[in-house]
Q: 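Please read through the structure below; I'll follow up with questions.
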Amino acid sequence: MAVEVRLKEIRNARGFSQNELARRLEMSLTNVQKIEYGQAKSIPLDTLDKLCKILQCEVGELLVRVPDDDEENSQLPISTITPATEQNSPVDESKSQSNKKATKSVGSIVLPFEKRSA
């Protein structure tokens with residue numbers, strides 16, 4: 001699975017240059033270009049939030065999941081996937097809830113970008 005960043009399309013549709021967007025994000029032009037060209041290794045959640053506010057869009061418009069060609073054959077049926085906590089030992093529900101909160105507060109999303117041919 002790859003995640004495609006549709007920054008260029010949305011930025012152009014809203015009439016922003018890369019320079020203007022970088023200025024509003026308080027980010028370098030180089031970093032905006034890396035995100036736009038799919039060369040960023042990760043995008044912090046606060047940057048995604050700023051991008052969406054500036055461009056007046058939703059994260060789902062900016063980041064689009066692109067399935068691999070062979071993805072259908074490589075996925076396990078949902079019934080065979082067991083959460084790690086169920087595989088090992090009984091779970092204390094109070095600890096389980098705190099783990100869920102910690103997971104939600106992760107500061108960036110790592111995106112597996114694929115190189116596009118020009």
Side-chain angles (χ1 to χ4, degrees):
M1 172 191 78
V3 175
E4 200 173 276
V5 181
R6 301 261 167 99
L7 179 57
K8 183 176 182 176
E9 293 90 340
I10 295 172
R11 178 182 59 75
N12 285 333
R14 303 297 191 270
F16 287 100
S17 67
Q18 286 180 335
N19 283 320
E20 177 66 14
L21 185 59
R23 187 185 66 73
R24 288 184 182 217
L25 286 169
E26 299 175 346
M27 179 183 282
S28 72
L29 175 61
T30 302
N31 283 338
V32 169
Q33 289 172 334
K34 282 182 181 180
I35 293 170
E36 193 167 290
Y37 302 142
Q39 296 171 345
K41 292 182 182 179
S42 65
I43 303 173
L45 292 176
D46 63 326
T47 300
L48 282 174
D49 185 49
K50 287 179 185 178
L51 278 168
C52 290
K53 285 178 184 174
I54 292 166
L55 298 173
Q56 298 179 346
C57 68
E58 296 296 323
V59 175
E61 296 172 81
L62 196 58
L63 303 177
V64 180
R65 181 180 176 273
V66 180
D68 295 333
D69 293 336
D70 62 344
E71 187 171 310
E72 283 185 34
N73 299 330
S74 65
Q75 288 185 343
L76 292 174
I78 292 174
S79 62
T80 63
I81 300 173
T82 310
T85 55
E86 291 180 19
Q87 293 175 358
N88 299 330
S89 60
V91 177
D92 179 356
E93 286 301 315
S94 64
K95 290 180 183 175
S96 175
Q97 292 299 322
S98 66
N99 286 343
K100 288 179 184 174
K101 290 177 186 173
T103 302
K104 291 179 183 176
S105 66
V106 173
S108 66
I109 297 175
V110 177
L111 304 172
F113 290 110
E114 293 182 353
K115 292 184 178 179
R116 293 188 198 175
S117 56

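Counting begins at 1 with the first residue of the sequence.
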Q: Using side-chain hydrogen bond (donor to acceptor under 3.5 Å, both in side chains) as the criterion, list what pairs up with T30, not counting sequence neighbours.
A: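 So T30 forms no side-chain hydrogen bond (donor to acceptor under 3.5 Å, both in side chains) with any residue.
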Q: My understanding is that only residues two or more places apart in sequence, or in another chain, count here; which of them pass side chain to side chain contact (heavy atoms under 4.5 Å, CB included) with N19?
A: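 By the side chain to side chain contact (heavy atoms under 4.5 Å, CB included) rule, N19 matches S17, L29.
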Q: Identify the heavy atoms of R14 and L55 that sit nearest to each other, and give their distance.
A: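 Minimum heavy-atom contact is NE-O, 2.6 Å.
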Q: With respect to T47, which candidate in L45, D49, I43 satisfies the side-chain contact (heavy atoms from CB on, under 4.5 Å) definition?
A: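 Answer after filtering L45, D49, I43: I43.
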Q: Atom CD in E9, atom CD in E61: separation rounded to 0.5 Å?
A: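 Output value for this atom pair is 12.0 Å.
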Q: Would you say L63 and L48 make side-chain contact, with heavy atoms under 4.5 Å?
A: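 In short, these two side chains touch, coming nearer than 4.5 Å.
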Q: Could you pull out all residues at least two apart from K8 that satisfy side chain to side chain contact (heavy atoms under 4.5 Å, CB included)?
A: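 Scan of K8 (side chain to side chain contact (heavy atoms under 4.5 Å, CB included), adjacent residues dropped) gives R11, N12, E36.
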Q: At their closest point, which heavy atom of V59 faces which heavy atom of C52, and how far apart are they?
A: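 Closest pair (atom of V59, atom of C52, distance): N-SG, 3.5 Å.
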Q: CG of N31 to CD of E26: how many Å apart, nearest 0.5 Å?
A: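 Going from CG on N31 over to CD on E26, the span is 13.5 Å.
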Q: Within a strict 4.5 Å, meaning less than it, do heavy atoms of the V3 and V64 side chains meet?
A: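 Of all side-chain heavy-atom pairs linking V64 with V3, none is under 4.5 Å.
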Q: How long is the straight-line distance from CG of L25 back to NZ of K53, given to the nearest 0.5 Å?
A: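 Between K53 NZ and L25 CG, I get 11.5 Å after rounding to 0.5 Å.
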